[in-house]
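In each ligand, atom 1 is the first atom listed, and ligand 1 is the first ligand listed.
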Amino acid sequence: MIRTGVDGLAGRPIPLVDLAAQHAAVAQDVADGWAQVLARTAFIDGPQVAAFETEYAAFIGTGYCVGVGNGTDAIEIALRGLGVGEGDEAILPANTFVATAEAVRRAGATPVLVDCADDGTYLMDSAATAAAVTPRTRAIIPVHLYGQAAAVEQLMPLARRIGGWVVEDAAQSQGARRHGTGAGALGHAAATSFYPGKNLGAYGDAGAVLTASAELATRLRTIRNHGSPRKYEHDVLGVNSRLDSLQAVVLSAKLRRLAAWNAARLAAARRYDTLLGEVDEIVLPRTLDGNEHVWHLYVVRVPDRDRVLKELQAAGIGAAIHYPVPVHRTAAFAGLGYPDGTFPVAEQAAAEIISLPLFAEITAQQQERVALVLKSALR
Ligand SMILES: *Cc1c(COP(=O)(O)O)cnc(C)c1O
């Protein structure tokens, strides 16, 4: 029992995401599907993988889904499939999970960072992206951060003009739409992650690349499997990064429920809007016009963030920060040479943001307690 001295502030811990509740909904489907995989022992490249790939491409509304080992590999393989590598630059936001930059580096290209827009969405700034283009730019990687799509329609003409590609980082946006089109079907290719905590999560690492191009999909399938289009033929330098049959079973079972889960997340986000809307110190998240947001994360800004976060955590509330350190301030990417102050919007956001617990099964009472503790911490 957590004691804070104020009635209503104490209670059972509230996690950031509740994977146990999610598993309960699919437990039987997963057990049945896994029994089939175990009976056949086709652990790699079983029929479950092809089935999930077809289902997921249809769900997003694009032609092809190529399952891979994780989301970071998905970005790298997408870039390699498009021929982006050594000597090329790829533009991405400074405020993203480090994997976006990592994948660019691993493909052999140079990450060029840009700030996020100062409009409450935290999405990559389109004007800054246009300004960052050089003769070496070959890829633009908008990140559909927190569950809503970036304005990819502003980036496509830019990519066309330079003969480059838009590769969406759709790891946080499964089921989101922009002007009716699925996030993941807005650019030339998209990468997604099925890390357990994503809106569609596997029981381990998994990811996928999406594209409308049959030709690119074929190249991606070759790259993910040792550069091998046919057994014993290795046409290009590939990797070993495959989605396995056990994970595909989990993903198919969860995909059938994803639209309902995303709707529940939206309802929970609206409830937070109401609960927190009248508090002057709290800056609520903003949805870009034309977007259907899937609320991977509900991110607010508060003054004195570190103290507020500690108080939330001390009260058993699994709040977190996504992400406390922008890419250019990580030790791994200090070599890119961006001094502090280069991306003021992203840097200020990193100092003020808090992600509140949000998952499909969260109850009104849980959200009320989160709001109560947050308001009391701000008092
Ligand atoms: C999770 C995530 C990734 C990486 O996915 P992994 O499956 O963990 O490799 C990449 N980009 C963003 C924005 C993510 O949230």
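Residue Gly71 has at least one heavy-atom neighbour below 4.0 Å for each of these atoms of ligand 1: 5 (O), 6 (P), 7 (O), 9 (O). Proximity to Lys198 (heavy-atom distance under 4.0 Å) selects the following atoms of ligand 1: 1 (C), 2 (C), 14 (C), 15 (O). Atoms of ligand 1 lying under 4.0 Å from at least one heavy atom of Val143, given by number and element, are 13 (C). For ligand 1, the atoms closer than 4.0 angstrom to any heavy atom of Asn70 are 7 (O), 9 (O).
Using a 3.5 Å distance cut-off with no hydrogens or angles, the side chains of Ser355 and His322 do pair a donor with an acceptor. Residues Ser252 and Gln48 bring no donor and acceptor atom of their side chains to less than 3.5 Å of each other. Judged purely by distance below 3.5 Å, without hydrogens or angles, the side chains of Thr134 and Glu89 pair a donor atom with an acceptor atom. Using a 3.5 Å distance cut-off with no hydrogens or angles, the side chains of Asp32 and Gln36 do not pair a donor with an acceptor.
Residue contacts with ligand 1 for Thr72 involve both N, CA, C or O and side-chain atoms from C-beta outward (heavy atoms, distance under 4.0 Å). Only the side chain of Tyr323 comes within 4.0 Å of ligand 1, judged by heavy-atom distances.
Checked by distance only, ligand 1 and Ser193 come closer than 3.5 Å through their nitrogen or oxygen atoms.
Ile140 CD1 to Leu158 CG: the interatomic distance, rounded to the nearest 0.5 Å, is 4.0 Å.
Here the side chain of Asp115 pairs a donor or acceptor atom with the backbone of Val345 at under 3.5 angstrom. Between the side chain of Ser173 and the main chain of Val294, no donor-acceptor pair closer than 3.5 Å is present.
At the shortest separation from atom 11 (N) of ligand 1 among protein heavy atoms lies Asp169 OD2, 2.7 Å. Counting only heavy atoms of the protein, atom 3 (C) of ligand 1 lies nearest to Phe97 CD2, 3.7 Å.
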